Structures are given as C-alpha cells and as structure tokens.
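Computed from a predicted structure; not experimentally measured. Side chains are part of it too, since the values below use all heavy atoms of this structure and drop only hydrogens, waters and symmetry mates.
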Amino acid sequence: MKRHIIYLFGVVLLLLPACTTHVDSLEWALRQAGKNRAELEKVLQHYESDSLKLAAATFLIRKMPYHIGFCDTLFTPDGISYMPDITYPGHNEAQIKHVFDSLFDCGYYIRRTKERDVEVMTSDFLIDNIECAFEVWNTPWAGKLDFEAFCRYILPYRASNEPLCPWRRKMLRKYLPMVRSFQVGTPVDACMALNDSLKGSFHFVGILPVYPSIEMVDRYRQSNCEGLALYFIFLLRSVGIPVAIDCTTWAKSEDGHSWCSVMDNKGGWHGFAANEMSCEEHRKMFSEKRKLIPPKVYRRLFAPEPVSMDMQDDGYRTYVKNPLFKDVTDSYYVPPVNIMLDLQRKLYSSDEGLVYLCASSINQHRVLGVGTRRGDRCFIKNVVGDNTFVLAESPDGKTLHFLTDTFYVDKSGVMKGPDIKGCANGTVGKKNG
C-alpha cells in the first residue's frame, strides 16, 4: 500500500528548543510568522473578549510553526498546470500508472511547493475554523470532551501535510445534519455511523504519484490510504468527532499503511479504515492476519511531543524521531515486547549511541523504530513480535550501518537468528502493565 511519509522532523527538532527559552511560546510563534504576523494578531484581537476561544486560537498559533503544507502540481512540458482524469471503471491502478508514466515520458513533470502554515495562514481562515470547531463541540457525541482533547483532536485545521483546505464549514453543513439524524451519544458511535453511511463512496488506489489534497480526494472519490485517511479526518473533525491518523511501516511486505483512529469518552483509541471497516473489523484484520500485524504504530499529532531518547541525537533523519509522530504501539491490538539484545559482533562505532530497528530487505530495511545502545547491549521498546528485523546505527547521521543480520522475534519475545540463539544471547521482556 503506497503512502507518503513526510520527513519534517529536522525542521521540527530545530524549532522545538525555541519553545523552552525565556521567550513566550506565543510570541515566538508570532515572530516565526514574519510578515504574516499581523494576520495572526487579528485572530487574537478578535477573541479578546472570549477567553475560551482566545485559548483555542493561542493553542493553534503556538503549534503552527511546526506545520508545513505540500502542494504537488503536474505541469505540461510548456509549464501549464494539468491534472488528468484518473477515475476509471473498477479504479484500475494499472490504468492510472499507465497514464502518469505516459505523461512523464512526454515531458510532463511534478513540482512540489512547500508552505509554512505560520507564514500563509489568514485571519479569516483561522477564525472560521475556530468558530466551526466550537459549533460542534456542544453536540451529544462531543460534549463530554475536555478542552485539551477538543484542542488536540477536533480543533486542528489539518490532519497531516495536505494543502490548507477552506472547506470545514462546507463539510459541517453537509454532514452534521446526517450525524444528528443517527441520534448517537458517543464519539465512537457517531464515527462508526457516519463511516458506515459513506461506505463505498470512496475507493482505494495504491498508485498516486502526487501528495493528496482534500480537494483531490473529493473530486476523484479515490486515493491512496493516506489520502483517504486525511480526508476522513478532516470530515470527521468538521462534525465534532475526535480523530487522528495512525500509521505503520510494514515488516512483512513493502511500504506501509495509514488509517484513522477515533477517541472514546474515556480517552481510549479505536482504529478503523475510512469508508471501509468498522473498529471491530479493523481490530480483527490487523490482529489476526499475519501480514497486516503492525510491528510499530505511530499517531500523527498536531501538538508536537518531544521524543525523549536519553541519548544525544545522531542526526539521522527518520519520521519515527519526529515529535509530530507519537509511538502508540502499546495501545494497539497485539501486546508488544521490549527488546534487550546483546550484540555478538563489535560492529558499532562508539561506546554508546542510538540504534534503529529496521525491516528486512523485503521492505528495503526501512526504519521501524529507534532505541539505544550502551556497549554491546541494545534496548528497543514496544515492538510487536512475529516479525523479522535488522538492527542498525548511523555513525555519520546520513546512512545506516547494520549491526546484526536479520533476526526473528516471535509473539512471546523469543528471538532467533544467526547472531542470536533463543534468549541466551538476547532477552526480551514483555511490556509491564
């Protein structure tokens, strides 16, 4: 399942220290806006007499510098923007691939533009977003959410790195009456009722050479897994349902997968497939079908949470170190284990450092998680077994240097491999609690 992972962690990590200085984080965010500062100050001034909405506006503006929108545009050889009709009977991926391959062979090209939210956000956009969010907070299914949960999972104007979309009110007007008609009282019930009512309205296609936008998914009614997820996150938040995108990189097959997750009134999370599977169907498939059991799961956040690794960062870039991605493996279907592995060959370059849990060659040794090493001993938390891995380090911060051959970890935590004999040379302890 093709998907796009945006490697913005370098920018985020560079920005995070600024929030811990003596400069107020709001003032720091306003400084980041540069010439756009006046637009953001208009929002703060607009809500001077409403303390709660002012707090919401402040929350969004403080987090805004960490977010970037990507816009991919296809151009003709003459530089004219163009987008082919990619809606085919049966949503034939081979036809879509053939169309784009033919265009590229004729000199068509894709240009990606990047826009920092804090530099392009308008006061009208942000005020309308806040007003729409508050309008749905008092619904029966969202009314029990506290302010923090509201800010994190209903208020945000974006789900991932899609271009900014001004359709929140449009979505609210279209879908809020539908959700009200379901007469539901919890976020999960509201989410499942709406998701079920839209089942079959959109379709999955793995081939998509451009990063998806809300408008593109709406127009073609099809996208890759990340495109469908970000579209439904935008839609569900517009009617007051607290949701987020969860994702994984596969250990048993190529690429990875993104899906939606909804928060219940007790703070628990339930994964589901947008427009396709209920929470229970999703749990069953991703816990029983071996190929689809995620080795690690990460949640895309709007408010960054710094990753504490108790060790100096080596500079290697991977989304699993991005503070906008939270490791939530231990809240998913298959209980994870904590790996403690003693290296049998001294292939490392220093006394201690970070180690990377990678997929096997089946998935091009993509990074799945990050841990630490002290001497021969490596630690990696929250790993789901019945998967094969390789451990690596990055002495230069640019490339991976493998420390082990491929090894297998079963569900109970027993490891097998050329460098490992059961638990004699490495032990795995199940996560406490």
Side-chain angles (χ1 to χ4, degrees), residues 1-5 90-91 93 141 153 159-160 162 171 175 178-179 182 184-208 212 214 217-218 220-300 328-336 384 386-387:
M1 298 182 183
K2 298 288 185 182
R3 67 186 176 94
H4 301 266
I5 288 290
H91 310 280
E93 293 184 11
W141 54 88
Y153 303 114
S160 186
E162 73 277 12
M171 293 282 198
Y175 292 107
M178 184 185 301
V179 183
F182 299 143
V184 291
T186 71
V188 176
D189 288 343
C191 182
M192 289 300 94
L194 184 55
N195 195 54
D196 188 60
S197 70
L198 295 174
K199 190 172 291 185
S201 300
F202 297 80
H203 301 274
F204 169 80
V205 289
I207 303 297
L208 193 65
I214 301 297
V217 178
D218 190 77
Y220 295 115
R221 315 301 281 183
Q222 62 185 18
S223 186
N224 59 14
C225 57
E226 185 175 7
L228 292 176
L230 66 85
Y231 182 88
F232 270 73
I233 294 300
F234 187 85
L235 186 161
L236 293 166
R237 285 177 176 171
S238 74
V239 296
I241 299 174
V243 285
I245 291 180
D246 288 352
C247 63
T248 190
T249 300
W250 298 124
K252 296 188 180 76
S253 59
E254 296 181 354
D255 298 305
H257 186 45
S258 298
W259 62 93
C260 301
S261 192
V262 57
M263 187 177 73
D264 62 33
N265 282 329
K266 295 181 179 180
W269 287 86
H270 309 269
F272 66 98
N275 181 60
E276 186 180 356
M277 286 183 226
S278 68
C279 295
E280 179 56 27
E281 290 170 330
H282 193 269
R283 183 204 62 76
K284 187 176 179 65
M285 176 169 285
F286 285 81
S287 62
E288 297 180 4
K289 193 170 183 178
R290 290 188 67 233
K291 187 178 180 180
L292 298 181
I293 297 176
K296 297 281 287 183
V297 180
Y298 296 88
R299 179 162 298 138
R300 185 63 158 82
V328 294
T329 310
D330 60 355
S331 69
Y332 261 81
Y333 315 124
V334 180
V384 175
D386 193 20
N387 281 303

Between [atom1] on residue [X] and [atom2] on residue [Y], distance to nearest 0.5 Å:
| X | Y | atom1 | atom2 | value |
| --- | --- | --- | --- | --- |
| S201 | N195 | OG | CG | 10.0 Å |
| I233 | D246 | CD1 | CG | 8.5 Å |
| W269 | R299 | CH2 | CZ | 5.0 Å |
| T248 | L292 | OG1 | CG | 10.0 Å |
| Y332 | S261 | OH | OG | 4.0 Å |
| D386 | K291 | CG | NZ | 14.0 Å |

Can you name the closest pair of heavy atoms from [X] and [Y] and give their distance?
| X | Y | value |
| --- | --- | --- |
| C279 | H270 | SG-CB, 3.6 Å |
| N387 | I293 | ND2-O, 4.0 Å |
| L230 | P212 | CD2-CG, 4.0 Å |
| P295 | T329 | O-CG2, 4.0 Å |
| K199 | E276 | CE-O, 3.2 Å |
| P242 | P187 | CD-CB, 3.7 Å |

side-chain contact (heavy atoms from CB on, under 4.5 Å) between F272 and S278, worked out: CA-CA 5 Å; F272 66 98; S278 68; 6.0 Å; no
Judged by modelled atom types alone, do Y231 and N275 share a side-chain donor-acceptor pair under 3.5 Å?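 Y231 vs N275: no donor-acceptor pair found between side chains.
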Heavy-atom distance under 4.5 Å between the side chains of [X] and [Y], does that happen here?
| X | Y | answer |
| --- | --- | --- |
| I214 | M171 | yes |
| V262 | L236 | no |
| Y298 | C247 | yes |

So, R237 side chain and V243 main chain: donor-acceptor pair closer than 3.5 Å or not?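 Checking the backbone N and O of V243 against the side chain of R237, a donor-acceptor pair under 3.5 Å is found.
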Treating K252 as the side-chain partner and R290 as the backbone partner, does any N or O pair qualify as donor plus acceptor under 3.5 Å?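 Yes, the answer is positive, given that a donor and an acceptor are paired below the 3.5 Å cut-off.
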Where do T186 and D264 land on the side-chain contact (heavy atoms from CB on, under 4.5 Å) test, with the steps shown first? CA-CA 7 Å; T186 71; D264 62 33; over 6 Å; no
Stepwise side-chain contact (heavy atoms from CB on, under 4.5 Å) test for C225 and W259: CA-CA 7 Å; C225 57; W259 62 93; over 6 Å; no
Return the orientation label for the W250 and F286 ring planes: parallel under 30°, perpendicular over 60°, tilted otherwise.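 Rings of W250 and F286: parallel, under 30°.
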Begin with the C-alpha distance, continue with both residues' side-chain angles, and end with the deciding distance and a verdict on side-chain contact (heavy atoms from CB on, under 4.5 Å) for Y175 and L198. CA-CA 11 Å; Y175 292 107; L198 295 174; 3.9 Å; yes
Sort out for me which residue in K284, M285, H282 forms a side-chain contact (heavy atoms from CB on, under 4.5 Å) with Y333.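 The single option meeting the side-chain contact (heavy atoms from CB on, under 4.5 Å) with Y333 is H282.
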Centroid-centroid under 6.0 Å between F182 and W141 rings: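 No; W141 has its ring centre 6.0 Å or more from that of F182.
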